[in-house]
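The structure appears below as structure tokens.
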Protein chains: 2
Amino acid sequence: MTGAKQAKGPARRADAQRSIAAILEAAVSALSRNPEASVSEIAKAAGVGRVTLYGHFPNRVDLVEAALASAIEKGHAALDSVDLTGDPRQALARLIDSSWLLVNRSRSLLLAAQGVLPPGRIRILHAGPVERVEGLVERGRDEGVFRSDLSTPWLVGVLHSVMHNAADEINAGRLDSEKAGAFITATVLAAFTPPGSRVPG
Amino acid sequence: MTGAKQAKGPARRADAQRSIAAILEAAVSALSRNPEASVSEIAKAAGVGRVTLYGHFPNRVDLVEAALASAIEKGHAALDSVDLTGDPRQALARLIDSSWLLVNRSRSLLLAAQGVLPPGRIRILHAGPVERVEGLVERGRDEGVFRSDLSTPWLVGVLHSVMHNAADEINAGRLDSEKAGAFITATVLAAFTPPGSRVPG
DNA sequence: AGTAACTCGTACAGCACTGTTCGACAAGGG
DNA sequence: CCCTTGTCGAACAGTGCTGTACGAGTTACT
């Protein structure tokens, strides 16, 4: 499911596939910059007429959902290529390094989705990615290197929050984009350290 | 400066003052629920005609700014009543306990402001509150109980992020509102602990 | 009591956006 | 090569918002 309606029929023309891809890409990009980007704006960015867009996506809501799904799918692929075995702390560091930029870029897009999509729909969409992270955190807790006095969802939420904070700081010019990964990792590893243990670093 | 235009003239009538207060309160409340609340919506919530509102605030932007200023002023007062002396860690815990709810409530309002106000304007408005928190963090760093390998603005940002995370978790029904303070404190204190030191708790 | 300040509803112009329709035109597939 | 599929621009109706105007009514200060 790439997002556009594809009920049946003898498959789509090559032409249309290109359009859909361009629209999806433009939608992700535009909505990432401005969660309230209009359909006209997106169509223009995709180099496509507004009418054409409506030919593939029945309404704005479906378009946003398709864009979100597309972004998440891409992120999912990137995530799968990260080695999550070994010391959970180092695995977490690797995960952060390779995904914080992606997560950041999707933030505004997620905001756009939250404005128009039913809450359940969103949870379903990025249930996959979240599960892998939760698995890693869970393992760290079992091995005693991550704290167990706070719930796993909370810890994962903290990870996200700190990433968002990095995005804000960069955006405000107070943080160098190069150092963001290290800052996030240092902060999160400390936050995850069990009470009574020493903070690594 | 309560927010409405008050250039000169022989002072305002008691009637008008009541209206302005009601509008401001309604604006804070409505914008906190929905950052894109319309002027009609706010006027109705204030029990006032839309025209009356425009009589006091020339346009929507000024209204949002006044609402934000009002909320920040109230928060500033609440913050001033917190004792920030003594062990920085305990002072931070006190600060969190007494302000996280307030900060949370203002979050959506801040979002509304970010959408329509010039970025500099916002920084000016809540420069005051931020300074006090930064002062506390700075002191903790000097005393060696908070880490110095990360910048003060970053640490303050993390504090905010974790508060926001708590708000999200509560909103999603995954966190009990009662426990939020403790969760935030535990997480932030760990995150602020210098590398090599033991996490308190 | 009288006057200026305030409030209200309705109504209007202007704008931006959504979603649809139309007719003409280009491009891909069998 | 022909026919389906897709694309385009222009145009339209519908909606919801902002900001302004008007006129009549009400409320507070003196």
Side-chain angles (χ1 to χ4, degrees), chain A residues 2-27 30-31 33-67 111-113 115-118, chain B residues 2-27 30-31 33-67 111-113 115-118:
Chain A
T2 40
K5 59 182 175 184
Q6 182 187 13
K8 37 177 62 181
R12 239 187 292 271
R13 239 173 53 181
D15 197 354
Q17 291 180 22
R18 253 178 294 145
S19 285
I20 293 176
I23 290 171
L24 235 35
E25 194 177 342
L31 291 172
R33 275 192 300 272
N34 169 22
E36 299 170 43
S38 73
V39 173
S40 308
E41 215 171 318
I42 293 171
K44 188 168 295 182
V48 126
R50 197 168 61 95
V51 195
T52 301
L53 192 155
Y54 274 110
H56 293 298
F57 302 90
N59 52 51
R60 193 180 182 280
V61 174
D62 280 37
L63 174 59
V64 171
E65 174 165 344
L111 206 72
V116 292
L117 260 54
Chain B
T2 41
K5 58 181 177 186
Q6 182 185 14
K8 36 176 63 178
R12 236 188 293 272
R13 240 172 54 178
D15 196 353
Q17 290 180 22
R18 254 178 294 145
S19 285
I20 292 177
I23 291 170
L24 235 35
E25 194 178 343
L31 291 172
R33 275 191 300 272
N34 169 23
E36 300 170 42
S38 74
V39 174
S40 308
E41 217 170 317
I42 294 172
K44 187 168 296 183
V48 128
R50 196 168 62 97
V51 195
T52 300
L53 191 155
Y54 274 110
H56 293 298
F57 301 90
N59 52 51
R60 194 181 182 279
V61 174
D62 280 37
L63 173 60
V64 172
E65 174 164 344
L111 206 72
V116 293
L117 260 56

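Chain A is the first sequence line, chain B the second, and so forth, proteins listed ahead of strands; every chain is numbered from 1. Computed from a prediction, not measured in an experiment: that's the story for all the values here.
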* Structure fact -> Going 5' to 3' through nucleotides 25-30 of chain D and flagging B where a protein heavy-atom sits under 4.0 Å of the base, S where only the sugar-phosphate is that close, and - otherwise, we get --BSS-
* Structure fact -> For B/Glu36, the side chain to side chain contact (heavy atoms under 4.5 Å, CB included) test, sequence neighbours excluded, returns A/Glu36, B/Asn34
* To do: May I have the distance from A/Ile20 (atom CD1) to D/dG6 (atom P), rounded to whole angstrom?
  => 8 Å
* Which residue pairs pass the salt bridge (Lys or Arg N to Asp or Glu O under 4.0 Å) test with at least one member in residues 14-23 of chain A, sequence neighbours excluded? -> A/Arg13-A/Asp15
Side-chain polar contacts of residues 41-53 of chain B - donor-acceptor pairs under 3.5 angstrom, sequence neighbours left out - could you list them?
from, atom 1, to, atom 2, distance (Å)
B/Glu41, OE1, B/Ser38, N, 3.4

* Asked: How large an angle, rounded to 10°, do the end axes of the helix from C/dA1-D/dT30 to C/dG30-D/dC1 enclose when each is built from five base pairs?
  -> 30°
* Can you name the closest pair of heavy atoms from B/Ala112 and B/Leu31 and give their distance? -> CB-CD2, 4.2 Å
* **Whole angstrom value for the distance that separates P of D/dT20 from NE2 of B/His56** => 15 Å
* **Minimum heavy-atom distance B/Ala16-B/His56, with the two atoms named** => CB-CE1, 3.8 Å
* Given atom CZ of B/Phe57 and atom C1' of D/dT20, what is their separation to the nearest angstrom? -> 18 Å
* Taking protein heavy atoms under 4.0 Å as touching, what does nucleotides 10-23 of chain C look like 5' to 3' if B marks base contact, S marks sugar-phosphate-only contact and - marks none? -> BB-----SBBBB--
* Over all atoms of both residues, closest heavy-atom pair of A/Leu24 and A/Phe57 -> CD1-CZ, 3.7 Å
* When rounded to the nearest 0.5 angstrom, what is the spacing between CD1 in A/Ile20 and CD1 in A/Ile23? -> 7.0 Å
* Structure fact -> What one should report as the nearest heavy-atom pair of A/Pro35 and A/Leu111 is CG-CD2, 4.0 Å
* Least distance between heavy atoms, B/Asn59 atom then B/Tyr54 atom -> CA-CE2, 4.2 Å
* B/Glu25: what forms a side chain to side chain contact (heavy atoms under 4.5 Å, CB included) with it, not counting sequence neighbours? -> none
* Is A/Thr52 near enough to D/dG6 that one of its side-chain N or O atoms lies under 4.0 angstrom from OP1 or OP2? -> no
